[in-house]
Amino acid sequence: MAEAIGELGCVLDKAEALLPAITEVTRLQSEATSQLSNQLGNLEAQINALTDRVKLYALKYLLTQMEEHAARTMQAQTLTMCQAIGARVSLELDREMKQLAQAIHQHQSQVSNSSNWWRLLFGFLSAAATGAVAGALVTWLWAR
């Protein structure tokens, strides 16, 4: 038993000798934990900043793509509308020119039996009507 007590004393002496080393390891572990915590906080801040930059870049990219698409769409719609208006104006002008030509032809046939004075008047009227239609067409094309 005395031997066991002696051995226990030896173990206690060894444990007492290890106590400063254990205290130092505990202190170092605490410092390492603190440093890791700080580094983790810094890493989290950097990740958040990077995430914000990526979001901003993605939004700018999407905005650019949307603006380009809107410009192309507006250009295509403008072209389509101009073509439709041009076709409609051309149709209307053709119809009006045919009606004018018919009216002039009818008046010419009526005037052919009259004096030269009426022929001159209707010739002047037909030239004036043709000039007015041509002027309207030029004005429309210029305004476009």
Side-chain angles (χ1 to χ4, degrees), residues 1-112 117-144:
M1 177 117 175
E3 205 174 290
I5 292 178
E7 281 184 33
L8 181 61
C10 254
V11 169
L12 286 176
D13 286 341
K14 288 181 183 178
E16 214 173 276
L18 289 176
L19 191 58
I22 292 173
T23 304
E24 181 64 19
V25 167
T26 304
R27 185 187 64 77
L28 291 174
Q29 181 186 9
S30 178
E31 286 178 8
T33 302
S34 176
Q35 287 176 354
L36 284 175
S37 177
N38 288 339
Q39 289 176 355
L40 183 61
N42 290 338
L43 180 63
E44 186 176 348
Q46 290 174 355
I47 288 174
N48 287 339
L50 180 62
T51 302
D52 289 343
R53 283 190 298 226
V54 167
K55 286 178 187 177
L56 183 63
Y57 177 78
L59 287 175
K60 284 181 180 179
Y61 177 78
L62 288 174
L63 180 62
T64 302
Q65 293 298 314
M66 288 174 53
E67 286 175 346
E68 289 174 1
H69 180 70
R72 285 191 305 269
T73 301
M74 188 166 58
Q75 187 178 23
Q77 287 178 345
T78 302
L79 179 63
T80 302
M81 288 169 49
C82 285
Q83 289 173 343
I85 289 171
R88 182 63 184 185
V89 166
S90 177
L91 180 69
E92 291 295 324
L93 283 177
D94 284 347
R95 186 167 16 125
E96 291 299 322
M97 292 298 279
K98 285 179 185 175
Q99 288 177 353
L100 183 61
Q102 257 182 346
I104 289 172
H105 182 63
Q106 287 174 354
H107 288 296
Q108 280 180 346
S109 64
Q110 290 173 359
V111 170
S112 64
W117 171 253
W118 286 107
R119 280 187 188 169
L120 184 61
L121 178 63
F122 283 116
F124 177 73
L125 288 175
S126 66
T130 303
V133 169
L137 180 61
V138 167
T139 303
W140 176 79
L141 288 173
W142 177 77
R144 210 175 129 190

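Residue indices begin at 1 and follow the sequence shown.
Taken from CG in Leu28 to CD in Gln35, the straight-line distance is 9.5 Å, to the nearest 0.5 Å. In this structure, Asp52 CG and Ile47 CD1 are separated by 12.0 Å, a value rounded to the nearest 0.5 Å. Here Leu63 contributes atom CG and Leu56 contributes atom CG; the two are 10.5 Å apart, rounded to the nearest 0.5 Å. With rounding to the nearest 0.5 angstrom, the OG1 atom of Thr26 is 9.0 Å from the CG atom of Leu19. To the nearest 0.5 angstrom, Thr73 atom OG1 is 6.5 Å from Gln77 atom CD. Atoms CD and OG1, on Gln46 and Thr51 in that order, are 11.5 Å from each other to the nearest 0.5 Å.
Residue pairs satisfying the salt bridge (charged side-chain N to carboxylate O under 4.0 Å, His left out) criterion with at least one member in residues 85-105, sequence neighbours excluded, are listed as follows: Arg88-Glu92, Glu92-Arg95. Pairs of residues two or more places apart, or lying in two chains, never qualify as salt bridge (charged side-chain N to carboxylate O under 4.0 Å, His left out) while including a residue from residues 123-138. A salt bridge (charged side-chain N to carboxylate O under 4.0 Å, His left out) check over residues 68-84, counting only residues at least two apart or in different chains, returns nothing.
Checked by atom type and distance alone, the side chain of Thr64 pairs as donor or acceptor with a backbone atom of Lys60 at under 3.5 Å. Checked by atom type and distance alone, the side chain of Thr78 pairs as donor or acceptor with a backbone atom of Met74 at under 3.5 Å. The main-chain N or O of Ser126 is found under 3.5 Å from a side-chain atom of Thr130 such that the two form a donor-acceptor pair.
Applying the side chain to side chain donor-acceptor pair (under 3.5 Å) rule to Glu24 yields the partners Arg27; only residues at least two apart in sequence or on another chain are considered. For Ser34, the side chain to side chain contact (heavy atoms under 4.5 Å, CB included) partners are Asn38, not counting sequence neighbours. In this structure Leu18 satisfies the side chain to side chain contact (heavy atoms under 4.5 Å, CB included) test together with Ile22, sequence neighbours excluded.
Heavy-atom neighbours of Glu44 CD from other residues, nucleotides or ligands within 6.0 Å: at or below the threshold of 12.
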